[in-house]
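Beneath this line is the structure, given in structure tokens, with notes to follow.
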Amino acid sequence: MRIDLISIFPAYFEPLALSLIGKARAEGAVDLAIHDLRDWTTDNHRTVDDTPYGGGPGMVMLPEIWGRALDSVQAMSPHPPLLVIPTPSGRPFRQVDAATWSTVDHLVIACGRYEGIDSRVAQFYSESPEWLGVQEVSIGDYVLAGGEAAALVMVEAVVRLLPGVLGNPDSAPDDSFSRPDGLLEGSIFTKPPMWRDLRVPEPLLSGHHADIATWRSTDALHRTERHRPDLLGTTEAAPPEGTTSPTGGN
Ligand code: 6GU
């Protein structure tokens, strides 16, 4: 897969040379290119923004500059790209988006700063046949100074799902937000069996597979009740044999 990142702070993406993503790039699982938006400016000051029509605080990023940048990364591409615009006013970015985007040939992520990008950019590219569409997404209910940190989050969520990237691909289906039961991943332990008076739960030490599975289901349910009660009772999946539904209701 190909991912283009466009930003006025390309150095923000230096961590993408490290760890799992750095390795995925070196192995050719992902072709990641980072661009400076100012490369598409035409004035001596390399201006990327102007004041908002209708008044109000802050600055808005110019559609002309974004249009040239996006057209040029698209023109290099043999496949219609999906345009992702990180913004706190977008819909929530979820694990299912990471999974869907990991199947696309070409992602372009347009990182805005200031008050954001002129809204005609999202409108234009959502109607363009050269593009797969536009997704305006937020990573949570808080405000960042720009889309870059959110783009790092999204790239990591997508790239770890690409074929050959995870050390053990069998572990991904058990991740929180990927489990068929919709629960969070439960507690995990390693050696030693006793640490500072805290014992690893007995079933995990027993070697008894049914007891281990039962303990893990209960633990995942308790963790979800405590940390994310909003996740309970939203899956259509039947509870395992001999158990009752988390909410008793669905
Ligand atoms: Cl995607 N961008 C910005 N600027 N702030 C955010 C966000 C994105 N998601 C949550 N807050």
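What's counted below: heavy atoms across the whole structure, side chains too, no hydrogens, waters or symmetry copies. Remember, it's 1-based here, ligands and their atoms both numbered in the order they're listed.
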If the cut-off is 4.0 Å to any non-hydrogen atom of [X], which atoms of ligand 1 fall inside it?
{"X": "Thr87", "result": "1 (Cl), 2 (N), 8 (C)"}
{"X": "Val137", "result": "1 (Cl)"}
{"X": "Ser138", "result": "1 (Cl), 9 (N), 10 (C)"}
{"X": "Pro86", "result": "1 (Cl)"}
{"X": "Ala150", "result": "1 (Cl), 8 (C)"}

Within 6.0 Å of CD in Glu185, more than 12 heavy atoms from elsewhere: yes

In plain terms, say whether [X] and [Y] are close enough for a salt bridge, that is, a side-chain N and a carboxylate O under 4.0 Å apart.
{"X": "Arg25", "Y": "Asp31", "result": "no"}
{"X": "Asp49", "Y": "Arg113", "result": "no"}
{"X": "Glu156", "Y": "Arg160", "result": "no"}

Tell me yes or no: between the side chains of Ser7 and Glu148, is some donor less than 3.5 Å from an acceptor? yes

So, Asp219 versus Ser187: side-chain donor-acceptor pair below 3.5 Å or not? yes

Protein residue, atom and distance nearest to [atom], heavy-atom basis:
{"atom": "atom 5 (N) of ligand 1", "value": "Leu144 N, 3.1 Å"}
{"atom": "atom 11 (N) of ligand 1", "value": "Tyr142 O, 2.5 Å"}
{"atom": "atom 2 (N) of ligand 1", "value": "Pro88 CD, 3.4 Å"}
{"atom": "atom 9 (N) of ligand 1", "value": "Ile139 N, 3.0 Å"}

Atom CG of Asp50 and atom CD of Glu64: how far apart are they, to the nearest 0.5 Å?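 Reported to 0.5 Å precision, the distance equals 11.5 Å.
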
Please check whether Val143 reaches ligand 1 - meaning an N/O of the residue sits under 3.5 Å from an N/O of the ligand, judged on distance alone. no

Can you tell me which portion of Asp141 lies within the under-4.0 Å heavy-atom range of ligand 1? Options are side chain, backbone, both, or neither.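 Neither; nothing of Asp141 gets under 4.0 Å from ligand 1.
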
Would you please classify the geometry between the Trp131 ring and the Tyr125 ring as parallel, tilted or perpendicular, with 30° and 60° separating the classes? perpendicular

